[in-house]
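Below you'll find the structure, written out as C-alpha cells, and then a few comments.
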Number of protein chains: 2
Amino acid sequence: MNAKDRRVTALSLALAERRVIHLKEAAALLNVSEMTVRRDVAENPDLFGYLGAHIIPARGPEIEAPYTVDRAAESHSIAKRQASIQALRYLQPDEAVFIDCGTTLIHFVDLIPADMRLTVVCYAFNTAERLIAKQNITLVMLGGVYHPASATFAGARDTDMLNAMGLNVAFLSASGVDRQRGASCEQFHEAPIKRKAMDMAQRRYLVCDSSKIGRVRPAYFADVSAFDAIITETGPLPMDAAGWNSGPATE
Amino acid sequence: MNAKDRRVTALSLALAERRVIHLKEAAALLNVSEMTVRRDVAENPDLFGYLGAHIIPARGPEIEAPYTVDRAAESHSIAKRQASIQALRYLQPDEAVFIDCGTTLIHFVDLIPADMRLTVVCYAFNTAERLIAKQNITLVMLGGVYHPASATFAGARDTDMLNAMGLNVAFLSASGVDRQRGASCEQFHEAPIKRKAMDMAQRRYLVCDSSKIGRVRPAYFADVSAFDAIITETGPLPMDAAGWNSGPATE
DNA sequence: CACAGTATGTTAGAAATCTTACATACTGCT
DNA sequence: AGCAGTATGTAAGATTTCTAACATACTGTG
C-alpha cells in the first residue's frame, strides 16, 4: 500500500507542475508498467482524470455537458464574437487599454493578435488568465475581493490604481443598453470600476451584442452619450439616428 | 473559404466555453466529417491543439518539456509538499490568511481541505487560480503589474490594501534562509509585499524545504527572528538550537 | 461554360490505446 | 514456512485514433 501511495503523490506532484502527463511518460516516471498507472488513476477518480491516454488533474464538471448549437445560440455567443471582431478595429498597438469583464470581452481578448504590443488593465479573472498567455501584453490587474458571479475582483483601492494610469481606450461591456436609461450591468460592484475606467480613458467603446439594446439591468453605470461608440455585431450603432433602441428586447 | 472560417470560429467559440471538445463531437457540431475538423485544427496551430482525439485551445509551452524525476528532485518537489503538509497544522478555520507566492505554497494551497472556511489574501496568479476553485474561501487579490517570472502582481497600491485588513496568519516563502542574513527571495518587487503582510499578521510562518537553509538570494525581506516558526519538510526548525544553518547548502 | 484550384468526404491500413484475463511477485500474519 | 490477500506485470484481442491516398464537390475567373 505504501509504494502505491508514493506513486499517487508523485503523480499529483507532477500534475501540479505540468497540466497533463502522458500515460507512457507517467509509467516511465514512476518506474512501473502503464497498467499500474492506469490502475492508480482509476482508483483515484477524485484526483485524476483521463483525456485519451493523457492523465489530467480531476476534471471539473465542464467537460461533461455536451456543447450544443442551441445553447450557443441562446447565449448569443456568435453575436458576441462578431461584436468583438468589430470592436477589434478600434484597438491600436502600443496603447494602454482597459478591458471590462463579461463573456463578450473574453472573445475580444481571444481575438487580440499574438504579436500586438499592449498594456492592458483588467479586473476579471478569466480575462487576466487569457492575457497572461499573450507574450506581448503588459498586464495590470485591479485587485480586491473576488466575486464568483462575474469572476471579478473589486475592492477599496482599485480606483486609486486607475488614477495613476494614462488610458488610451476603454472597452466596456453591459448587459443592458437603453437610450434613455443608459448602460447597466448585473453587479453593483462593477459600476464604480467601469465609471472610473471611462473617466480615465481618452476613448470609450461599449461592446455588446444587439440583444442587449433596450434592456435595463440593476446597476446603472453610464449614459449612452458617454461612449464614443456602441459596437454590436453589425458594427458601431449610428448614435445620431433616431430609434436605434425602439425595437423590443429580443431575449 | 468562408465556410471554413465559420467552422474555425464556431470551434473557438465552443472551446471558449468548454475546455476541451472531442473530435467526434466537434464534427457533429459543425456538420462535417472528422477529417475536415482535423484539417481545420491542423491549419490553425496557433488556435488549437490536440490531446489525443480531444481538441484543446492552443497549448502553452508547459506540455512540451518532459517531466523527469531528475527535474522533480532538482526542484525539491517532494520536500516542498512535505513542508506544506507540516505548515498545514498552523492553519485554523475561519481565519484571515496571507499566502505568499512560489511553488512551495502552491502545494500548500492544494492541501487546504475543501470544507475549510477561510479568507485568503494572495498576489500570485497560480495561487489565486487554485483558491478560486475552493468554494469556502473568500479570496482577496492584490493587484498590480504582472511579473511573469514569479506569476505575481505587484504595484503601487497593494500595501494600502493590506492596511485595511486584519490578518491572523501569514505563510511566507523564501528561496534563501540564512541565520545571519535572514530570509530572501529572487524578485525585488516581492519583498515589500512580504514585509507588509508580515507587519499586518498576528502570526508569521516561513515555509520552505531545507535546501533553502543557508542560502542567500538577492532580495532580502526579513530577519529569521521575525518569524514565529520556520517550517521545513521535517516540521518547524528549532529556532533556539544553535547551528541549524551551519550545514552547507545542498543544492 | 470550362478550367484550375481548393475544399470536403471516404476509405483502408497503420498505429495507438483500452480492456480483459491470467501469471507472478510481494506483504503481513499465524 | 505457509497462506491469503493484494499488488504488479504481461500479453492478446477489441477498439479507437491517425495517416495517407484518392474521389468527388465546390468556387471563382476568364
Side-chain angles (χ1 to χ4, degrees), chain A residues 1-15 18-60 62-69 72 78 81-82 85, chain B residues 1-15 18-60 62-69 72-73 78:
Chain A
M1 182 67 107
N2 213 332
K4 188 182 281 190
D5 279 349
R6 261 201 306 278
R7 284 200 310 270
V8 171
T9 308
L11 235 192
S12 311
L13 231 53
L15 280 176
R18 316 173 69 242
R19 292 279 170 122
V20 299
I21 193 164
H22 194 278
L23 189 60
K24 203 174 286 178
E25 228 183 313
L29 179 72
L30 303 171
N31 274 314
V32 291
S33 71
E34 287 187 30
M35 199 57 233
T36 301
V37 180
R38 276 184 194 282
R39 289 195 263 244
D40 285 348
V41 171
E43 281 171 30
N44 297 76
D46 45 323
L47 285 178
F48 310 120
Y50 273 124
L51 218 53
H54 305 263
I55 305 165
I56 57 173
R59 53 183 150 196
E62 74 237 59
I63 297 171
E64 321 297 347
Y67 179 90
T68 67
V69 187
I78 298 106
R81 180 160 282 241
Q82 285 305 120
I85 290 170
Chain B
M1 181 66 109
N2 212 329
K4 189 183 278 189
D5 278 349
R6 260 201 306 280
R7 283 201 310 271
V8 171
T9 307
L11 234 194
S12 309
L13 230 54
L15 280 177
R18 312 171 73 243
R19 292 280 170 120
V20 300
I21 192 163
H22 194 279
L23 188 61
K24 204 173 283 178
E25 224 183 316
L29 179 71
L30 303 172
N31 275 312
V32 291
S33 71
E34 286 186 31
M35 201 55 232
T36 300
V37 180
R38 275 185 195 282
R39 289 195 263 244
D40 285 349
V41 170
E43 281 171 30
N44 297 77
D46 45 324
L47 284 178
F48 310 120
Y50 273 123
L51 217 54
H54 304 262
I55 305 165
I56 56 172
R59 51 183 151 197
E62 73 235 59
I63 296 173
E64 321 298 347
Y67 181 92
T68 66
V69 188
I78 298 106

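Sequence lines set the chain letters: A, B, ... in the order given, protein chains first and strands last, and positions in each chain run from 1. For the numbers below, each heavy atom of this structure counts, side chains included, while hydrogens, waters and symmetry mates do not.
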| request: Could you tell me the separation between the CD atom of A:E34 and the P atom of D:dT10, rounded to a whole number of Å? | output: 11 Å
| request: May I have the distance from A:R6 (atom CZ) to D:dA7 (atom P), rounded to whole angstrom? | output: 14 Å
| query | Rounded to the nearest Å, what distance is computed from the CG atom of residue A:D5 to the C1' atom of nucleotide D:dT8? | reply | 16 Å
| task | Sorted by first residue and then second, give each salt bridge (Lys or Arg N to Asp or Glu O under 4.0 Å) pair with at least one member in residues 28-43 of chain B; sequence neighbours left out. | result | B:K4-B:E43, B:R7-B:D40
| How about B:I56 and B:R19: do any of their side-chain heavy atoms sit closer than 4.5 Å? | no
| request: Any chance you could measure A:L15, atom CG, to A:H54, atom NE2, to the nearest 0.5 Å? | output: 12.5 Å
| Has A:T36 got a side-chain N or O lying under 4.0 Å from the OP1 or OP2 atom of D:dT8? | no
| B:K4 NZ to D:dA25 C1', straight-line distance once rounded to whole Å | 14 Å
| query | What integer distance in Å separates B:N31:CG from D:dA25:P? | reply | 19 Å
| remark: Rounded to the nearest 0.5 Å, the CD1 atom of B:I21 sits from the CG atom of B:L11 at a distance of 6.0 Å
| Between the main-chain N or O of A:V32 and the side-chain N or O of A:T36, is there a donor-acceptor pair closer than 3.5 Å? | no
| field | Side-chain heavy atoms of B:S12 within contact of B:L47, under 4.5 Å | value | yes
| query | Distance check: side-chain N/O of A:R7 vs OP1/OP2 of D:dA7, anything under 4.0 Å? | reply | no
| request: Using a 4.0 Å heavy-atom cut-off, write out nucleotides 12-19 of chain C from 5' to 3' as B (base contacted by protein), S (sugar-phosphate only) or - (no contact). | output: -----SBB
